[in-house]
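These notes concern the structure reproduced below.
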Amino acid sequence: ARAIGCLHLLLDTGAFFVHGPLCGLGSDFWELQVVAQAQKLMPRLVTRPPRVRCSGLLGDAGALGAASLAMEAWAPSL
C-alpha cells in the first residue's frame, strides 16, 4: 500500500496492474484493502485513490514481456 500510494502520488498513474500469483489474492484485496491502507497512510489519496487491477495475462505476463523485448531487439542481418 505504501509503495503504490507513493508511486501514485509521484507519477499520477491511471492504474496499477499486478500479475502472477499476486492476482490470487483477489480483486477485493487489491481494490479495497490495499487502496484503503494507502489512503490511511496518505490522506491526499482520499480524493484521488489509485486504481489497482489484476492483469488478464496472470502468470504469463513475465514470459510474454520477455518474449516481446527479445522480438523488438532482434535485428536480422540481410
Side-chain angles (χ1 to χ4, degrees):
R2 184 181 310 270
I4 287 175
C6 287
L7 286 171
H8 186 60
L9 289 172
L10 181 66
L11 302 174
D12 192 26
T13 59
F16 292 93
F17 291 91
V18 295
H19 67 87
L22 295 175
C23 285
L25 296 173
S27 61
D28 285 345
F29 173 77
W30 290 106
E31 295 172 14
L32 301 176
Q33 294 181 24
V34 172
V35 171
Q37 185 64 25
Q39 290 173 326
K40 186 176 175 184
L41 293 169
M42 296 160 229
R44 185 165 251 199
L45 294 176
V46 171
T47 58
R48 187 152 185 216
R51 293 184 327 151
V52 183
R53 304 288 185 260
C54 284
S55 168
L57 300 175
L58 300 175
D60 295 333
L64 291 172
S68 175
L69 286 174
M71 287 175 40
E72 288 177 8
W74 182 60
S77 59
L78 300 175

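Owing to the predicted nature of the structure, the values given are computational and were not obtained by experimental measurement. When reading the values below, keep in mind they use all heavy atoms of this one structure, side chains included, and skip hydrogens, waters and symmetry mates.
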Listed pairs under 3.5 Å, donor-acceptor, residues 29-40 side chains, sequence neighbours left out:
{"from": "W30", "atom 1": "NE1", "to": "L22", "atom 2": "O", "distance (Å)": "2.9"}
{"from": "Q39", "atom 1": "NE2", "to": "L45", "atom 2": "O", "distance (Å)": "3.3"}

same_hphob_cluster(L10, I4) at 4.5 Å side-chain heavy-atom cutoff: yes
Joint hydrophobic cluster, V52 plus L11, side-chain heavy atoms closer than 4.5 Å: yes
All salt bridge (charged side-chain N to carboxylate O under 4.0 Å, His left out) counterparts of R2, not counting sequence neighbours: none
R44, R51, R48 screened by side-chain contact (heavy atoms from CB on, under 4.5 Å) with H8, the one that passes: R48
Gap separating the CZ atom of F16 from the CZ atom of R53, nearest 0.5 angstrom: 12.0 Å
Hydrophobic cluster membership, L7 vs F17, 4.5 Å side-chain cutoff: no
Salt bridge (Lys or Arg N to Asp or Glu O under 4.0 Å) partners of residues 61-77, not counting sequence neighbours, each pair once: none
